[in-house]
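Here is the structure we will look at, set down as structure tokens.
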Protein chains: 2
Amino acid sequence: MNFFEQTGKVAIGSRLRMLTDKVTEDAAQIYKLYNIDMQPKWFPVFYSLAQGEEKTITELAKDIGHSHPSVSKIISEMLKKGYVKESKDKTDGRRNLVSLSKKGIAISKEIEDQLIDVNAAVEEISAQSQNKLWEAIGEWEFLLEQKTLLRRVMEKKKERDSLKVEIVDYQAKYQEAFRALNVEWISHYFTMEESDYKALDNPQGYILDKGGYILVALYEGEPMGVCALIKMNDGEYDFELAKMAVSPKAQGKNVGFLLANAIVEKAKSLGASKIYLESNTILKPAINLYHKLGFQKVAGKPTPYTRCNIQMELVVK
Amino acid sequence: MNFFEQTGKVAIGSRLRMLTDKVTEDAAQIYKLYNIDMQPKWFPVFYSLAQGEEKTITELAKDIGHSHPSVSKIISEMLKKGYVKESKDKTDGRRNLVSLSKKGIAISKEIEDQLIDVNAAVEEISAQSQNKLWEAIGEWEFLLEQKTLLRRVMEKKKERDSLKVEIVDYQAKYQEAFRALNVEWISHYFTMEESDYKALDNPQGYILDKGGYILVALYEGEPMGVCALIKMNDGEYDFELAKMAVSPKAQGKNVGFLLANAIVEKAKSLGASKIYLESNTILKPAINLYHKLGFQKVAGKPTPYTRCNIQMELVVK
DNA sequence: ATTAATTACGTAATCAGTTACGCAAATATA
DNA sequence: TATATTTGCGTAACTGATTACGTAATTAAT
């Protein structure tokens, strides 16, 4: 099994499958050894029924962790051997009640010795191992239950991608990106408005020169997100967080969070005490992001944008 | 997964399979996450080829531990995607040399980040576990390589069966069993001879009264094996080990060994210094057994049995 | 130089599971 | 009470592997 030492743990799936195959391989022979006319795959169903109670197909499936068609097929095979009997539930015509037949019960007696010996054999292997396979599986089952492998990988990817994201100050060379990224999402969800063009066509004059600020997120050198802090003069708020845009190409790379976080930090460093923003509730991920950063819903502020249906503020600590 | 806590470790195969499924389940999604157009099952082949060398189908199969038809199919799928190229070996027309195409090499670059993240995710799970799954699998692979599960179970069965075998002194009530068990194997392999009947019809007079001995192996109370020690008067040997018979029903229960061992011990306790026996080389398991007990081949003794083609002796220590 | 045995590998059939789908019965909802 | 939804479960198709088998090429033995 040198191969797996090379590939590293990415191949844990393949390696598990091969061990499974090897362990399973002998199972049929073992039944033969004890003169028991049974297929290994029947075992979980058989064991579950051997507890004595009648069970439906679905109950069995849930019990042993298979899909119901799998149980359905196994039961029909066991039925052919005469190991189980079926009976319709009188109060619920859909349910197919299954239980061991006399022959099945006889087999369950015969099988006891085999279970003892296989158990002893597995224990022997365990005793010769440093790492306990049985317990390790239990732990993996638990940990995967809590968070799937996919989710864990997604987190790792995000972590790694975050390291590649660089937040830099606006420069004239980013004007085109600043415009394009915003036009992209605004015209996708809404329509461009007069005030959009003002800011996007002339960020220098409309935002920076008025005491505002713009940050750009670079991913591998390319601008993938932008965000502006527009100076407000209403006595209540210091800045408006606006013109936030992240390229769909950079999704899942945490760009939005890093950018928004950086802009809030920037506002703080500029001595802001309250930040305002306008958005629309159909932009769920954005609203979630603002919420995560501490923004709270407020109302009552007049706005030039027709697309605005939610207003939020952040009290800077 | 409460079910497996009930069944005990007999169900290790089923439990392994389910964990394998759960781990594998996410694999396809993970490739999608990285925008890599590849099937999880291709990975081992892909990885093996990414080492750079051209390989044949059979080499790949050996490398990754699959059957060759499996590799054959995978290669034909990868070929369709343009990830590999084939070329006939010029010096051996049977061999199909496979290597990554340019497109394949490009993919192998793209996949690197994914490998890093999956590895990190698996490491994270490992770090949260007491028992290391990866290492545990390695140990199981090693231990099963040395001795398969089937063989281990067989040993456990033999051990347990041995406990049920009881070796007792001959009594008149066992005469029928003594006769029947011997007639069974003698007439199966050879034909009954005059001297057989003498001993089997009258063990009391022919064996015991002349200073011989008979032991009976009981399995769950039933006589399943017999063995006699016949007094010899030739000056060289004290006893002949003879009329050893074990029911085919009791095969694999160690009855033969326990019986022969007991009869040798009995001979010892009777002060014997040399034991003799006659047999036939077609009775392989019997010869092996005698050998295991320390009997050595000798020659030259006259015998009344035509079926005898090997003579052995044991020098009692 | 034949003939026999071995090797490489493709195709077909099988296996133990899955998902997809559909029907009928039961339950919830308007 | 009519209608929609959910549930139980059987059938069919698919999946990722296997073993079985056949054929062609090579190698070994006579």
Side-chain angles (χ1 to χ4, degrees), chain A residues 3 11 13-29 31 38-46 54-80 84 86-98, chain B residues 3 11 13-29 31 38-46 54-80 84 86-98:
Chain A
F3 181 66
S14 297
R15 198 177 193 183
L16 265 170
R17 196 193 50 73
M18 302 202 65
L19 179 60
T20 305
D21 286 351
K22 200 165 273 170
V23 169
T24 309
E25 209 176 66
D26 288 353
Q29 298 284 130
Y31 282 99
M38 195 162 102
Q39 291 188 40
K41 64 166 172 168
W42 297 349
F43 175 74
V45 168
F46 195 89
E54 278 187 325
K55 288 180 182 165
T56 66
I57 302 289
T58 312
E59 279 163 8
L60 280 168
K62 196 168 284 174
D63 215 13
I64 71 171
H66 280 200
S67 64
H68 85 261
S70 166
V71 174
S72 178
K73 218 187 273 176
I74 289 171
I75 290 296
S76 78
E77 286 170 14
M78 290 176 74
L79 206 58
K80 227 175 265 169
V84 292
E86 293 179 331
S87 69
K88 276 263 169 268
D89 186 329
K90 268 153 220 149
T91 67
D92 184 342
R94 295 166 305 175
R95 290 153 59 90
N96 181 1
L97 291 164
V98 182
Chain B
F3 182 65
S14 296
R15 198 177 194 186
L16 266 171
R17 197 191 51 71
M18 303 203 65
L19 179 61
T20 305
D21 286 351
K22 201 165 274 169
V23 169
T24 309
E25 210 175 65
D26 289 354
Q29 299 284 129
Y31 283 99
M38 196 162 102
Q39 291 188 39
K41 65 166 173 169
W42 296 350
F43 176 74
V45 168
F46 195 88
E54 279 188 325
K55 288 180 182 166
T56 66
I57 301 288
T58 312
E59 278 163 8
L60 280 168
K62 196 168 284 173
D63 214 15
I64 71 171
H66 281 199
S67 63
H68 86 261
S70 166
V71 174
S72 178
K73 217 186 274 174
I74 288 170
I75 290 295
S76 78
E77 287 169 13
M78 290 176 74
L79 205 58
K80 227 174 268 169
V84 292
E86 294 179 331
S87 68
K88 276 263 168 269
D89 187 329
K90 268 153 220 149
T91 67
D92 185 342
R94 296 165 304 175
R95 290 154 59 93
N96 180 2
L97 291 165
V98 182

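So that the names make sense, note that chain A is the first sequence line, chain B the second, and so on, each numbered from 1. Not measured: the values here are computed from a predicted model.
You'll find the side chain of L60(B) reaches within 4.5 Å of the side chain of I75(B), heavy atoms only. Side-chain contact between R17(B) and D21(B) is present, with at least one heavy-atom pair separated by less than 4.5 Å.
Among residues two or more places apart in sequence or in another chain, the ring-ring contact (aromatic ring centres under 6.0 Å, His included) test is passed with Y31(A) by none. Scanning for side chain to side chain donor-acceptor pair (under 3.5 Å) contacts around E86(A) gives N96(A), with sequence neighbours left out.
Take the nearest nucleotide of DNA chain D for S67(B) and for T56(A): the residue whose nucleotide is more 5' is T56(A). If you find the closest nucleotide of DNA chain C to E77(A) and to T91(A), the one lying nearer the 5' end belongs to E77(A). Along DNA chain C, the nucleotide nearest to V71(A) and the one nearest to K88(B) differ in position, and the one closer to the 5' end is contacted by K88(B).
At least one donor-acceptor pair under 3.5 Å links the side chain of E59(B) to the backbone N or O of T56(B). Judged purely by atom type and a 3.5 angstrom limit, S72(B) has no side-chain atom pairing as donor or acceptor with the backbone of H68(B).
Put simply, R95(A) has no side-chain N or O that comes within less than 4.0 Å of OP1 or OP2 on dC9(D). Applying the 4.0 Å criterion to OP1 and OP2 of dC9(D), one finds that S72(A) has every side-chain N and O outside that range.
What separates CE of M18(A) from P of dT18(D) is a distance of 7 Å, to the nearest Å. The NZ-C1' distance, from K73(B) to dT18(D), rounds to 9 Å in whole Å. Whole-Å rounding puts the H68(A) NE2 to dG10(D) C1' distance at 7 Å. Summarising the geometry, the separation between CD1 on I75(B) and P on dG16(D) is reported as 16 Å, rounded to the nearest angstrom. The interatomic distance linking W42(B) (CH2) with dG16(D) (P) rounds to 10 Å, in whole Å. Summarising the geometry, the separation between CG on N96(A) and P on dC9(D) is reported as 6 Å, rounded to the nearest angstrom. In this structure, L60(A) places its CG atom 11 Å from P of dG10(D), rounding to the nearest Å. I74(B) places its CD1 atom 12 Å from the C1' atom of dT18(D), with the value rounded to the nearest Å.
Residue S14(A) is classed as having no contact, given no heavy-atom separation below 4.0 Å to the nucleic acid. Using a 4.0 Å heavy-atom distance criterion, S70(B) is classed as a base contact.
Bracketed by its first and final contacts, the part of DNA chain C lying under 4.0 Å from non-hydrogen atoms of chain B reaches from dT7(C) to dG17(C) in 5' to 3' order.
Atom-to-atom distance recorded for I74(A):CD1 and F43(A):CZ is 12.0 Å, nearest 0.5 angstrom.
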